[in-house]
Visitor: 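A single structure is presented below for examination.
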Amino acid sequence: MNTTALPVSSVTSISAVDVDKMRSDSLLLDVRTPMEFAEAHIGGSVLHPLSNLDLNEIRKLAVGKNACVLICRSGKRANMAAEKLMASGLPNLSVLEGGVLAWDAAGLPLIRGTKVISLERQVRIAAGSLVFIGAALGYFVHPNWMALSAFVGAGLVFAGVTDTCAMGMLIARMPWNSHRPSGEGQKNPSLTK
């Protein structure tokens, strides 16, 4: 992808079938966590988690490619990554509509590894646990502990209204989600020397 000669365009959504047709001449950039990537990813995609996007490295990876297709589980994180990359001037960005879930639903091949708990489920487990702990401590220890449950509830409302999730971003940085899988799909080692 010639990032100096091409104009910056708006981000478009693209279907799984269309991405499959253009795989050979596009950079498929997966912005999920390393553990999600290790569980299942599109062959030829490159892992670059949303939590630490590096525009310079992505530019290097995009050299010679006609487009950059951003991939996540369902499309939300890919759209967030697209906004960041578009704001920095990277052209020809697309988001895989529906993410890896839509790719799988279309019957397209995925490279599968070990099953892991998705980031979305981890957030639900953490939020539910904090609400339960706050309620239990509020009942058995001191009523002020109910504030923990109220804080988590307010955070969930804020996440729903703004379509962002601070808890999800925090959990994505946890050690169990930051472990990079070995093998195909990782960043190009020649670019990280």
Visitor: Determine, stepwise, if the pair H41 / L47 fulfils side chain to side chain contact (heavy atoms under 4.5 Å, CB included).
Guide: CA-CA 9 Å; H41 62 274; L47 174 63; over 6 Å; no
Visitor: So, the side chain of N177 versus the backbone of I171: is there a donor-acceptor pair under 3.5 Å, distance only?
Guide: yes
Visitor: Around atom CG of L110, are there more than 12 heavy atoms from other residues, nucleotides or ligands closer than 6.0 Å?
Guide: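 Yes.
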Visitor: Rounded to the nearest 0.5 Å, what separates atom CG in L50 from atom CE in M169?
Guide: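 Nearest 0.5 Å value for the CG-CE distance: 7.5 Å.
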Visitor: Check salt bridge (charged side-chain N to carboxylate O under 4.0 Å, His left out) between E97 and all other residues, then give those that pass, not counting sequence neighbours.
Guide: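 So E97 forms no salt bridge (charged side-chain N to carboxylate O under 4.0 Å, His left out) with any residue.
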Visitor: Which residues pass the side-chain hydrogen bond (donor to acceptor under 3.5 Å, both in side chains) test with S88, sequence neighbours left out?
Guide: none
Visitor: What residues form a side-chain hydrogen bond (donor to acceptor under 3.5 Å, both in side chains) with N56, not counting sequence neighbours?
Guide: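 If we apply the side-chain hydrogen bond (donor to acceptor under 3.5 Å, both in side chains) test to N56, skipping adjacent residues, there are no hits.
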Visitor: So how far is it from N66 CG to S26 OG, rounded to the nearest 0.5 Å?
Guide: 6.5 Å
Visitor: Output the distance between atom CG (L27) and atom CG (L93), rounded to the nearest 0.5 Å.
Guide: 9.5 Å
Visitor: Under the side-chain hydrogen bond (donor to acceptor under 3.5 Å, both in side chains) rule, collect the residues that match up with S94, sequence neighbours excluded.
Guide: T12
Visitor: How long is the span from the CG atom in D30 to the CD1 atom in I42, to the nearest 0.5 Å?
Guide: 7.0 Å
Visitor: For D20, enumerate each residue passing the salt bridge (charged side-chain N to carboxylate O under 4.0 Å, His left out) test, keeping only those at least two apart in sequence or located in another chain.
Guide: R23
Visitor: What are the two closest non-hydrogen atoms of L70 and A81, and how far apart are they?
Guide: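 Between these two residues, the closest heavy atoms are CD1-C, 4.1 Å.
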Visitor: Can you give the donor-acceptor pairs under 3.5 Å from side chains of residues 124-137 to other protein atoms, not counting sequence neighbours?
Guide:
from : atom 1 : to   : atom 2 : distance (Å)
R124 : NH2    : E120 : OE2    : 2.5
S129 : OG     : I125 : O      : 2.7

Visitor: Which value, rounded to the nearest 0.5 Å, describes the distance between L29 atom CG and L96 atom CG?
Guide: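 Reported to 0.5 Å precision, the distance equals 12.0 Å.
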Visitor: With a 3.5 Å cut-off and sequence neighbours excluded, list the donor-acceptor pairs that the side chains of residues 100-109 form with protein atoms.
Guide:
from : atom 1 : to   : atom 2 : distance (Å)
W103 : NE1    : P109 : O      : 2.8
D104 : OD1    : R112 : NH2    : 2.8
D104 : OD2    : R112 : NH2    : 3.2

Visitor: For residues 151-162, which residue pairs pass the side chain to side chain donor-acceptor pair (under 3.5 Å) check, not counting sequence neighbours?
Guide: T162-T164
Visitor: CG of L119 to CE of M174: how many Å apart, nearest 0.5 Å?
Guide: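 It comes to 11.0 Å.
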Visitor: Applying salt bridge (Lys or Arg N to Asp or Glu O under 4.0 Å), which residue pairs with at least one partner in residues 146-170 are found, sequence neighbours left out?
Guide: K76-D163
Visitor: Should Q122 and M35 be marked as a side chain to side chain contact (heavy atoms under 4.5 Å, CB included) after you check the CA-CA gap, both sets of side-chain angles, and the distance that decides it?
Guide: CA-CA 12 Å; Q122 290 180 54; M35 296 307 288; over 6 Å; no
